[in-house]
Amino acid sequence: MRIAVVGSYGSGLTMRTPRVPAAGETLGGGVFASGPGGKGSNQAIGAARLGADVSLLTAIGPDAFGDEARDLWCAEGVDASAVVTAEASTMVGVILVEEGGENRIVIAPGALEELRPEHVAAFAAGIARADLMMTCNEIPAETVSAALRTAREAGTPALLNPAPARGLTAADAALVDYLTPNLGEARLLTGLGEEAGPEALLDALRGRLPSATIVLTCGADGAWADDGRERTHVAAVRPPRVADTTGAGDAFNAAFAAAVCAGLPLRECVRRAAAAGAFAVSRHEVLPGLGRPADLDALIR
């Protein structure tokens, strides 16, 4: 299972709080933690923990956060030889997590804004060697486009996790083999309102991406998978508790990618991804929530 990831890295500064403070309010009782994050890095580590051979292209700053990142990838077995050291600081995300696990995140992209199409060109051999290329929207749009084009030219299937939500051009849509939006991202991509349900969203996405496999995640309502021939609902996997929803989407995407590369049927890929998401929400912070095969198997059983 060889996976190439073109995505993001950042340091997450997390505050767990009973509730989100109102404007101008200072709220006590918080619990602080910091740690590595970024969708690209999270997904790379998640896939590596599930047995994939993962190479990562991202950008970090010439700072302590960047040094910590390289140590982390070495420890997790992720090939970071292509990672760019930019002039700007490493991306930082500030995360507020309420009781019940809901989160709010603000991101300062920093070095990620310096990750350019020419860096993707230098990473082309890694994409060509992979069984799947993953990318996400925490990097510049033109860099995502370059990653999709490079994967198509190499004959490597491309997975786009369209988070954070932003528009998708027709040219890029034609290069996507797997699209994994949540409900909010699907509504932005289709222009449909809050009242649009999974079936309507999938119909609209199918019109825009006629040849892609679409996996629409719906939180506690599970996920829908549509490969253009069949549409099926996969029930959510029940977590032992809900501690923190941060990183659940990354865990889902990592497990889905690993299962696709392992050649599992689509429904089983989504089922394992749902188990990974359930494991993730049962743990505080992102890295402890990136499960290994035994963790997923236990939840599925």
Side-chain angles (χ1 to χ4, degrees), residues 1 3-14 33-60 65-66 68-80 83 90-95 97 101 103 105-112 115 132-139 144 147 159-165 178 180-182 185 215 217 243-259 261 272-292 295-296:
M1 299 187 296
I3 297 175
V5 179
V6 180
S8 52
Y9 174 81
S11 185
L13 308 179
T14 302
S34 63
K39 290 185 175 298
S41 178
N42 292 342
Q43 293 173 17
I45 292 169
R49 288 186 181 181
L50 294 171
D53 181 359
V54 182
S55 56
L56 172 65
L57 172 63
T58 187
I60 55 176
F65 290 143
E68 290 169 2
R70 292 194 183 276
D71 291 342
L72 170 67
W73 296 322
C74 181
E76 294 286 348
V78 172
D79 178 3
V83 169
T90 301
M91 184 265 274
V92 171
V94 177
I95 306 160
V97 182
N103 65 73
I105 305 173
V106 180
I107 293 171
L112 295 181
L115 188 65
L132 183 72
M133 189 281 298
M134 304 176 69
T135 191
C136 67
N137 283 343
E138 279 186 339
I139 58 177
V144 171
L159 185 156
L160 173 62
N161 176 212
Y178 297 93
T180 57
N182 63 23
E185 292 151 5
V215 178
T217 62
D244 185 353
T245 59
T246 309
D250 296 336
F252 183 102
N253 277 274
F256 178 76
C261 290
R272 292 194 68 78
F279 182 81
V281 303
S282 71
R283 302 295 194 273
H284 285 295
E285 302 168 37
V286 176
L287 287 188
L290 297 175
R292 292 176 168 82
D295 300 316
L296 276 56

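Basis for what follows: all heavy atoms, side chains included, without hydrogens, waters or symmetry-related copies.
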Kindly give the heavy-atom pair with the smallest separation between L132 and C261, and that separation in Å.
CB-SG, 3.6 Å
Give the minimum heavy-atom separation between A163 and C136, together with the two atoms involved.
O-CB, 3.8 Å
V97 backbone acceptor or donor facing N103 side chain under 3.5 Å
no
Under the 3.5 angstrom rule, does the side chain of S8 hit a backbone N or O of G40 as a donor-acceptor pair?
yes
Ignoring hydrogens, what is the shortest heavy-atom contact between N253 and M134? Give both atom names and the distance.
O-CE, 3.7 Å
Main chain of V83, side chain of R70: is a donor-acceptor contact present, judged purely on distance under 3.5 Å?
yes
Considering all heavy atoms of both residues, which atom of E138 and which atom of P164 are nearest to each other, and what is their separation?
CG-CD, 3.4 Å
Using 0.5 Å steps for rounding, measure from the CD1 atom of I107 to the CD1 atom of I95.
8.0 Å
In short, H284 meets P288 closest at the heavy-atom pair O-CG, 3.7 Å
Any V286 side-chain heavy atom under 4.5 Å of D244 side chain
no
Can you name the nearest heavy-atom pair linking S41 to W73, along with the distance?
OG-NE1, 2.9 Å
Using the side-chain contact (heavy atoms from CB on, under 4.5 Å) definition, which of the options L159, L160, T217 pairs with T180?
L159
Output a table of donor-acceptor pairs, distance under 3.5 Å, between side-chain atoms of residues 43-60 and any protein atom two or more places apart or on a different chain; print 'none' if there are none.
unit_1 : atom_1 : unit_2 : atom_2 : d
Q43    : NE2    : N161   : OD1    : 3.1
Q43    : NE2    : D250   : OD1    : 3.2
R49    : NE     : E76    : OE1    : 3.1
R49    : NH1    : L287   : O      : 2.7
R49    : NH1    : L290   : O      : 2.8
R49    : NH2    : E76    : OE2    : 2.7
T58    : OG1    : G7     : O      : 2.8
T58    : OG1    : Y9     : N      : 3.2

